[in-house]
Protein chains: 2
Amino acid sequence: MGIDGRKLKILQAIIHNYITNAEPVGSRTISKKYDLGVSPATIRNEMSDLEELGFLVQPHTSAGRVPSDRAYRLYVDSLVNKKRIKLVQKRQIKRSLVDGINELEELIQNSAKVLSKLTNYTSLAIAPQLIESRLKHIQLVPIDETKLLMVLVTNSGIVKNTVFNIEKEISNNQLSLISNFLTKKLKGHRIDELGIELKKNLTKEIFELRDVIKDVMPMINKSIDDLEEIDLYSDGVTNIFNFPEYNDITKAKSFLSFLENKENVIDMLLRNKNQDIEITIGKENCYEEIKNCSLITATYRFNGKTIGRVGVIGPTRMAYAKVIPVVKSIAVNLNDILEKHFDL
Amino acid sequence: MGIDGRKLKILQAIIHNYITNAEPVGSRTISKKYDLGVSPATIRNEMSDLEELGFLVQPHTSAGRVPSDRAYRLYVDSLVNKKRIKLVQKRQIKRSLVDGINELEELIQNSAKVLSKLTNYTSLAIAPQLIESRLKHIQLVPIDETKLLMVLVTNSGIVKNTVFNIEKEISNNQLSLISNFLTKKLKGHRIDELGIELKKNLTKEIFELRDVIKDVMPMINKSIDDLEEIDLYSDGVTNIFNFPEYNDITKAKSFLSFLENKENVIDMLLRNKNQDIEITIGKENCYEEIKNCSLITATYRFNGKTIGRVGVIGPTRMAYAKVIPVVKSIAVNLNDILEKHFDL
DNA sequence: TATTAGCACTCTTTAGTATTGAGTGCTAAT
DNA sequence: ATTAGCACTCAATACTAAAGAGTGCTAATA
């Protein structure tokens, strides 16, 4: 028993109906609303087959049927090439994003905002990971006698601060010299290799700076470790309450608690990093708390390297056809903006 | 009809019982659990009086009674001086806070975390406001040909970055000169007056820098405006689901939506800034969405000036006696740490 | 005069029962 | 192969009765 054209049509009709109404779909509904030219009885037979094939699920005997994760998967895969996005939305995305063009983090945060606004789901975004980018400038700034601020600027325009303690005060002049020296030596190196690079270079030093640098270096090394923390943004978290599947308070709680756990969310987002667009449906998700959710994420890149991800999370009954193009478009726009405004 | 000793005792018993059980309290319960030496009938009469006085509310005729906002107010005011905190907690607070001692923002974020962990409510904290602090160091860092990063360090150790565009490239050397110059001129001035100060000083300039500074100045001015944005941290947001009063999904949604609106939350937190500790009960709150919540906030200061607030929000049926000392203690510890580690 | 036992009354909560209705699955006719 | 027809299932809804918690009042009591 294969899944012929008519079965597919019926399945799509059911999915469509369930996505919009969130209620089990019966044979009569399909027969009336979708022009398939067959009677409810025929549809019933087909539905029975579709259930046997694992595409439909019946909550109980006298209810209609609900698409399974597998059905959504089929639906999404059939959908994946038809990227249609409303012109209005396209413009809106473009316009909204350029607002925060100066600071990369603001840009990403903005993306999340736009994403949740356009889709009415919860959006997630992770800011570019330093680890893949290269150093452009390093600057040490005095805070007080015992504290120093280190500012790192990367090729992707990300700025990171770390404060660290020093044993004895260093004069402004010396700081400026060290900054220049470090920038010169470390420029163009990957952030995660700065430590190694620093060690390699340190032996053959300008004599006058040597002592000071020796004091500062371990601290710099330690600060660099701190930099690996990933920034996570979300928006429209309470949108989840708009969906009847979350009227159950324990489900809502479980969903929101999951989102509160930054580490898990980041891990979730970073799976299949290299895929351009990634759609995870229901049980395909690794975390128990979101096994009745779907996740649509897109990668944004810089110079061909994955630097971050944006996406949307919501019930498996998600408006895939509407959401996928929006997520894609956001990613495309991000890529554009990054290329144009954050040069290397 | 005043509120004599016995009435007060009964009222306190009711409040105590309601805070722990979240269910309307009847006369028999009080008589059994609290040793008042009177029969339920007497308690009933007193309760009737207390209701007339506006301290109790009856959900319906055959239910027990529930404390009103007014009752909580009386209770809290009678409580306000008895600050008892468990030694374990006191230590825990101290220990947890020193972890993130280097960066002020981390410190505040940490405070929120500790606060929600110890109280099991939702905690809120706003990071020090720049506006009241003074400049310590200003540094311009090149990002690319058209962009500059400005780093401000204030006396309270806060670091703020702003990126802005410039028309033509400025050499590293010049940047360093400008940075030094600006630091010298502006050091010690209030952040919100930097713009004015800049204008005042600009006319009598080192000749060689004059042109460049003229280019940069309007951008600096603009960036300073951006700095007024206040950082808000929260933690334990999903704790709200632990309270039966939020089993109603619409209530939970309304609460969470309110918290999602950063501006309103900040406004709420900054009312009565100068009060050391501020307790707002139920209808005393200005925002409709939290008129069945109580808010306990404390101010933390630096050199006698209010620079931020931390606090806890939850249902009016809040464990005031437990929460108040914890909030206080956090604030006290913050003050200590600020004084010790963020000198001026 | 203040307290309290006793009791009728109120009103929610819970359980039980009947009814309705949406939807299926099967059978027999087309 | 399709479909009309019909019996059957089961959740949802409405209704009713019973239980239980708590009050307020009255009359007795110390």
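Atoms considered below: every heavy atom in the structure, side chains included; atoms not considered: hydrogens, waters and symmetry mates. Note on naming: letters A, B, ... go to the chains in the order of the sequence lines (proteins, then strands), and numbering restarts at 1 for each one.
Following rounding to the nearest Å, A/N247 (CG) and D/dA12 (P) show an atom-to-atom distance of 13 Å. Between the P atom of C/dT4 and the CD1 atom of B/I43 lies a distance of 9 Å, rounded to the nearest Å. Following rounding to the nearest Å, B/R6 (CZ) and C/dT4 (C1') show an atom-to-atom distance of 11 Å. Rounded to whole Å, atom P of D/dA21 lies 16 Å from atom CD1 of B/I30. Rounded to whole angstrom, the span from the CG atom of B/L50 across to the C1' atom of D/dG22 amounts to 16 Å. Look at NE2 on B/H60: it is 16 Å from P on D/dG20, rounded to the nearest Å. Rounded to an integer number of Å, the gap from B/E46 CD to C/dA2 P is 11 Å.
Electrostatic pairing of A/R73 and A/E284 counts as a salt bridge here, judged by a charged N lying under 4.0 Å from a carboxylate O.
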Checklist outcome for this item: Each nucleotide of nucleotides 21-30 of chain C classed B (base within 4.0 Å of a protein heavy atom), S (only sugar-phosphate) or -, in 5' to 3' order, makes -BSBB-----

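Between B/Y246 and B/F241, the ring center distance fails the sub-6.0 Å criterion. A/H16 and A/Y75 have their aromatic ring centers separated by at least 6.0 angstrom.
Partners of A/R28 under the salt bridge (Lys or Arg N to Asp or Glu O under 4.0 Å) rule, at least two apart in sequence or in another chain, do not exist in this structure. The salt bridge (Lys or Arg N to Asp or Glu O under 4.0 Å) check on B/D35 picks up nothing, with sequence neighbours excluded. Legend: residues meeting salt bridge (Lys or Arg N to Asp or Glu O under 4.0 Å) with B/R317, ordered by chain and number and at least two apart, are B/E245.
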Show me the donor-acceptor pairs within less than 3.5 Å that the side chains of residues 263-272 of chain B make with the rest of the protein, sequence neighbours left out.
| unit_1 | atom_1 | unit_2 | atom_2 | d |
| --- | --- | --- | --- | --- |
| B/D267 | OD2 | B/R271 | NE | 3.4 |
| B/D267 | OD2 | B/R271 | NH2 | 2.9 |
| B/D267 | OD2 | B/Y287 | OH | 2.5 |

Next on the checklist: Pairs counted only when both distances fall under 3.5 Å, Watson-Crick or G-U: show me the 5' to 3' dot-bracket for DNA chain C, [ ] for pseudoknotted crossings and | for other-strand partners.
Outcome noted: ||||||||||||||||||||||||||||||

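Closest heavy-atom contact between B/I277 and B/K328: CD1-CG, 3.4 Å.
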